[in-house]
Each structure stands twice: as C-alpha cells, then as structure tokens.
Protein chains: 2
Amino acid sequence: MRASEVREAGRTAPRRSGAGRSDAADTRCRIIEATAALLQRQGYESTSVKAIAGAANASPSSVYHFFPGGKQELAIEAMRHGAAEFGELIAEGLASSPDPAEATAACALLLADTLRESDWTDGCPVAVTALETVGRVPGLQEAATEALTRWRSLVAAKLQESGIEPAAARSLAGTVISMLEGAELLSRVSGDDTPLRDAAVHLAQLVRASPRS
Amino acid sequence: MRASEVREAGRTAPRRSGAGRSDAADTRCRIIEATAALLQRQGYESTSVKAIAGAANASPSSVYHFFPGGKQELAIEAMRHGAAEFGELIAEGLASSPDPAEATAACALLLADTLRESDWTDGCPVAVTALETVGRVPGLQEAATEALTRWRSLVAAKLQESGIEPAAARSLAGTVISMLEGAELLSRVSGDDTPLRDAAVHLAQLVRASPRS
DNA sequence: CCAGGACTGGACCGAACGTTCCAACCAGTA
DNA sequence: TACTGGTTGGAACGTTCGGTCCAGTCCTGG
C-alpha cells in the first residue's frame with residue numbers, strides 16, 4: 001500500500017536476492033497492515049488470527065513467529081501503525097489552511113470523505129479496538145492513549161501557532177479530537193456523513209471564538 | 001445481587017393471583033438488564049450468552065426461551081433498554097438548568113460523574129456495541145441509530161426552547177451528541193474525566209454563541 | 001557444497017463459543 | 001390424581017477460537 005516498507009530495522013542481513021522473493025520483513029509488514037485494516041473495520045474480538053493470516057497471505061505460524069506475544073502483541077503493533085497513518089491524515093487536514101479554524105474543519109471534512117469513500121470502514125483505527133478492550137488489555141489501552149495524546153498534540157500545536165494560550169490550546173485540542181471521534185461514531189453508525197460535516201462547522205466556530213493573546 | 005433477592009422473595013412470598021407470569025416476566029427482565037450492563041461494559045463480541053445467563057441468575061435455555069432469535073435479538077432488546085436509560089440521564093442533565101448552554105454542559109458533567117464513579121464502565125450503552133457490529137448486525141445498527149436520533153431530539157428540543165432555529169438546533173444537537181460520545185471515548189480510554197469536563201466548557205461556549213431569533 | 005538458522009504450511013490441541021435438546025419442575029385445572 | 005403448558009437446569013452439539021508443534025523449504029555464511 002503506502003510507504004510501509006520503511007520498516008526494516010536492519011535486524012537481519014538484507015537478503016535481497018530474487019525479484020519476486022518475499023522478504024521476511026515484508027511478510028511481517030503485511031501482517032501488521034492486514035491486522036490494522038481488520039481492527040479498524042471490525043475491532044479486536046471479531047478479528048481472528050486466522051483471518052489476519054489469510055488477509056496477509058501468510059500462515060498462522062508466521063504470525064506467531066513474528067509476534068510471539070500472540071494476538072495482543074500483534075494488535076498493539078497494528079494499532080501503533082494505524083495511529084501513525086491516522087496522524088498523517090490529521091496533519092494533512094491541519095496543513096490545508098493557515099487559519100486554525102479552517103484547518104480543524106478540514107480535518108473533519110477529510111475524515112468524512114475518507115469514511116464515505118471507503119463505505120464507512122476506514123476511520124479512526126483506535127476507537128473500536130480501544131473501546132471494546134478498555135480495562136481488559138492494558139497494552140492496547142496504553143497504545144490508544146498514546147495515539148490520542150499524539151493527535152491532540154498535533155492540533156494543539158496548530159492552535160498555539162495562531163496565538164492561543166498553551167493551556168487553552170491543549171484543552172481545545174482535546175475537544176477537537178473528542179468531536180472527531182464522536183462525529184465519526186455517529187457517521188459510521190448512521191451511514192451518513194452529516195454528523196462529521198456539522199462537526200466541521202461547529203469546530204470552526206469554536207476555534208474562531210477562542211481568545212488569542 | 002439484587003436480582004437474586006427479588007427472585008427468592010418472589011418464590012417464597014405469595015404472588016398476585018391475577019398475573020401468574022410475573023415470575024417469568026421477572027426473569028426476562030433480569031436477562032435484559034444483565035445483557036445491557038455487559039454490553040455497555042465490554043461490547044457485543046466479548047459478551048457470551050453463558051455470561052449473560054450467569055449474571056442474570058438464569059440458565060442458557062431460559063435465554064433462548066425468551067429470545068428465540070438468540071444473541072442478536074437479545075442484544076437489540078438490551079440496547080433499546082439501555083438507550084432509554086441513557087436518554088433519562090440526558091433528560092436529567094438538560095432539565096438541570098433553564099439555560100441551554102448550562103444544560104448541555106450539565107449533561108457532559110453528569111456523564112463524567114457517572115463514568116468516574118463506576119470505574120469507567122457505565123457510559124453510553126450504544127457506543128461500543130454499535131461500533132463493533134456496524135455493517136454486520138443490521139438490527140443492532142438500526143437500534144443504535146434510533147437511540148442516537150432520539151437523544152439528539154431531546155437536545156434539539158431544549159435548544160429550540162431558547163429560540164434557536166429548528167434547523168440550527170437539530171444540527172447543533174447532533175454535534176452535542178457527537179461531543180458527548182467522543183469525549184466519553186477519550187475519558188474511558190485514558191481513565192481520566194478531563195476530556196468530558198473540557199467538552200462541558202466548550203459545549204457551553206458553542207451553545208451560548210448560537211444565534212437566536 | 002554443506003550446515004544451520006530463518007521462515008512457512010498445515011495438522012493439531014484444549015477451551016470457549018452460540019445453540020439445541022430433553023428431562024424435570026411447577027402452578028392451575030379438571 | 002392426572003394432565004397441561006410455560007419455564008428451567010444442565011448436558012451436549014458442531015464450530016471456531018487462540019495458540020502450539022513439527023516437518024519441511026529456503027537463504028546464506030562458511
């Protein structure tokens with residue numbers, strides 16, 4: 001898919017021989033990406049290891065070879081992967097305008113387009129998995145918290161650029177993430193991007209009305 | 001648990017002569033309530049029928065006796081039950097002040113208190129289950145959409161009372177629900193009610209800035 | 001060319017899943 | 001007392017789960 005072959009880490013020797021030969025790192029990467037996609041769509045409990053292996057064109061033993069910690073370890077790594085990608089989407093939205101109000105609105109609209117065009121499957125890669133495992137899979141909860149915090153920091157930085165006080169920016173940025181998550185939930189469940197489009201309008205209002213120094 | 005006490009009392013004490021089915025209706029009710037509680041906490045896939053039966057002091061066969069449609073039918077009914085209760089919580093928050101800005105903020109704060117005091121378990125009874133089954137269990141998705149629409153109507157009515165135009169009120173009410181859902185997600189995942197408290201402040205700002213006729 | 005480690009395919013495991021089945025139970029009626 | 005029909009407990013069904021195991025295959029360093 002995207003530039004994911006960056007994962008390499010040079011653990012083993014660069015065994016590039018034939019052209020069509022599938023690298024070990026490539027298999028590992030395929031497993032992570034397949035897991036991320038399935039987690040995003042159907043969450044943790046509904047995603048079986050065999051389904052992951054199938055989607056990644058690998059066998060269960062390969063999954064356990066690369067992720068000895070089993071499904072949990074794999075899910076954590078996949079969530080980190082998905083979170084990074086979603087962070088790029090947020091960054092892209094934020095970069096689309098110098099005005100922070102328009103930029104946050106753009107995030108919501110970008111998310112709305114992505115969701116609608118993917119039949120309501122490609123949204124936040126954290127929400128479903130995090131919600132259904134909260135309090136029961138600590139590693140996942142931790143990874144989810146990290147992701148949410150990071151996204152909030154991205155938004156907060158943009159808000160601070162326009163002169164909003166750091167504390168207010170952090171608080172408002174958290175609300176921006178909350179709004180994106182909540183509006184995505186409503187949009188996915190109702191199969192209608194109106195909640196996200198409304199969120200875009202109201203987020204812009206909220207940011208525009210925020211006091212600057 | 002309360003349910004077992006009620007059941008014991010009902011068995012030893014003489015029942016009303018008119019309705020011989022009060023025992024059965026009680027079992028059915030216990031099953032629904034237990035299901036609602038489990039769905040709210042851990043979602044659909046992580047909740048087994050045997051766990052439901054255990055929590056309701058019933059046996060699996062009783063579950064299938066009252067809900068021949070199996071887990072799906074039961075989950076739909078339980079979601080409706082939980083949605084009605086959550087609607088009451090929203091109504092309570094809305095009724096706490098004549099000012100719609102303060103009223104919506106009160107909803108967020110009420111939710112924050114409820115969540116924190118229940119160790120982040122008793123939140124929206126729809127979010128987890130709806131998200132993890134979206135597109136795969138149509139009946140559940142429908143029930144979830146109904147619930148979200150109803151809650152939005154409650155908020156919209158409150159907003160209209162203060163003179164906000166119906167269309168704007170409906171849109172803003174949807175955003176209020178989105179914000180509550182999203183902030184609850186962040187609060188539950190991070191185990192910190194700050195997102196909901198921030199949401200309360202920003203919701204109040206948003207409502208206060210809304211144009212009236 | 002071979003030794004050895006990384007990797008893979010697929011059979012296999014015990015446990016848990018949703019669900020079904022049936023024998024008992026219990027109040028009311030005759 | 002026998003019968004009835006709704007209700008219950010618990011065993012059992014076939015399936016699928018997460019995970020293990022092992023006999024290979026392939027690549028690579030020596």
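Naming convention: chains lettered A, B, ... in sequence-line order (proteins, then strands); numbering from 1 in each chain.
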Legend entry - Closest contact, heavy atoms only, Ala156(B) versus Ala173(B): N-CB, 3.5 Å
Legend entry - cation_pi(Lys71(B), Tyr64(B)) dist<6.0 Å, angle<=45: no
Inset, instruction - Taking only the side-chain heavy atoms of Phe66(A) (C-beta and beyond), determine which of dT8(D), dG9(C), dC7(C) contains the nearest atom. - result: dC7(C)
Legend entry - Leu115(B) side, atom CG; Asp122(B) side, atom CG - distance, nearest 0.5 Å: 7.5 Å
Legend entry - Spacing between His65(A) atom NE2 and dG10(C) atom P, to the nearest angstrom: 18 Å
Legend entry - Spacing between Ile31(A) atom CD1 and dA6(C) atom C1', to the nearest angstrom: 14 Å
Inset, instruction - May I have the distance from Asp26(B) (atom CG) to dT7(D) (atom C1'), rounded to whole angstrom? - result: 13 Å
Legend entry - For atom CD1 of Ile52(A) and atom C1' of dG9(C), their distance in whole Å: 18 Å
Legend entry - Rounded distance in Å - CG (Asn57(A)) to C1' (dG9(C)): 13 Å
Legend entry - N/O (side chain, Ser62(B)) to phosphate O (OP1/OP2, dT8(D)) under 4.0 Å: yes
Legend entry - Minimum heavy-atom distance between Arg136(B) and Ser46(A), given as atom pair plus value: NH2-OG, 3.3 Å
Legend entry - OP1 or OP2 of dT7(D) under 4.0 Å from side-chain N/O of Thr27(B): no
Legend entry - Nucleotide dC17(D), atom C1' - distance to CG of Leu38(A) in whole Å: 16 Å
Legend entry - Side chain to side chain, Thr104(A) and Leu180(A), heavy atoms closer than 4.5 Å: no
Inset, instruction - Go along nucleotides 11-23 of chain C 5' to 3' and tag each nucleotide: B for a protein heavy atom under 4.0 Å from its base, S when only backbone or sugar atoms are that close, - otherwise. - result: -B----SBBBB--
Legend entry - CD (Glu142(A)) with more than 12 external heavy atoms under 6.0 Å: no
